[in-house]
Amino acid sequence: MEKFIKKGQIIVGLDFDNAKSAFEITKLLNPKNYKLKVGSQLFTACGPKILDDLKKEGFDIFLDLKFHDTPNTVEKAVLEACKMSIWMLNIHLSGGLNMIDAAVKAKNSISPEILLIGVTVLTSLDQKDLSDIGVINNLQNHISSLLSLGKKAGIDGIVCSPKDLEHFKKEEMQSLISICPGIRVNEKRGGQKRTSTIHEAIKMGADYIVIAREITASPSPSKVINEIDTFFI
Ligand code: C5P
């Protein structure tokens, strides 16, 4: 069995509407191997307490609320988020340079060690979806423009599809970490338009990969986790 995943490289998306379901998954995970992602659904259902409860279990937590608002509002939201038990949080880079700048400054003023990540283009979108919302730029060029904006403002990394990674120039990604969702354990399936397998994503240079439904919607999450566990170096 080929071993290719470093410990801590996999982030499990706890996309649930209640804490009990989330803890049923976390009890199957070793916090040395896995980090957790709390997104809008679980955070809205349970509130900030869920972050403390998960942190107590020893996990690093990515707060995936994808802030996208006026610079002032995002600044205030980032300040509040950074008071919580988190390892990473994110914003939409399409909020523009002033908004990104406000988020970076807010994060650095309170907890510079927390990682602030920018979403480029959601992996659920393709070229047609972009043109439907009036973006006439080519998908890859659009992603690169957003990446440059984020870099200019000093973000720590980006969320992108593993396939986007091969289009970036080395210097573009220098000093930025990559977080790749849209990952399938083995073959490609599911509701996202730009997906890759874990193996492909790591080969393409993803620093972290996000897996949600492959685990959370599986009839046997422990079977999927046991399979992923065999890939750890
Ligand atoms: O279920 P699946 O593995 O496709 O879910 C991926 C997770 O990553 C979801 O929680 C989704 O909200 C998140 N995601 C993200 N950024 C993207 C695409 C998906 O954070 N660009």
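We count ligands from 1, going down the list as the structure has it; atoms in each ligand are counted the same way.
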Charged N to carboxylate O under 4.0 angstrom, Lys49 versus Asp52? no
Give yes or no for whether the N/O distance cutoff of 3.5 Å, strictly under, is met between Asn90 and ligand 1. no
Going by the 4.0 angstrom heavy-atom rule, the piece of Pro181 near ligand 1 is side chain
Could you see which bit of Glu214 sits under 4.0 Å from ligand 1, with heavy atoms only: side chain, backbone, both or neither? neither
Pick from His92, Arg213, Lys66: the one approaching atom 1 (O) of ligand 1 most closely through a non-hydrogen atom: Arg213
Under 4.0 Å from ligand 1, counting heavy atoms only, is it the side chain of Leu122, its backbone, both or neither? both
Under 4.0 Å, heavy atoms only, figure out whether ligand 1 is touched by the backbone of Asp15, its side chain, both or neither. side chain
Centroid-centroid distance, Phe16 to Phe23, less than 6.0 Å: no
Between Val119 and ligand 1, does any nitrogen or oxygen pair lie at a separation below 3.5 Å? no
For residues 201-209, please give each side-chain donor-acceptor pair under 3.5 Å, one per line with the distance, not counting sequence neighbours.
residue: Asp207; atom: OD2; partner: Ser178; partner atom: N; Å: 2.9
residue: Asp207; atom: OD2; partner: Ser178; partner atom: OG; Å: 3.3

I need the contact type for Asp64 against ligand 1. Using non-hydrogen atoms and a strict under-4.0 Å cut-off, is it side chain, backbone, both or neither? side chain
What is the minimum heavy-atom distance between Phe67 and Met99, and which atoms define it? O-CE, 3.9 Å
For Val210, the atoms of ligand 1 under 4.0 Å from one of its heavy atoms are 7 (C), 8 (O)
Non-hydrogen atoms of Lys3 and Phe232 that approach each other most closely: CD-O, 3.3 Å
Listing request: all ring pair (Phe, Tyr, Trp, His ring centres under 6.0 Å) pairs with a residue in residues 115-174, at least two apart in sequence or in separate chains. none
Does a side-chain heavy-atom distance below 4.5 Å link Phe4 with His199? yes
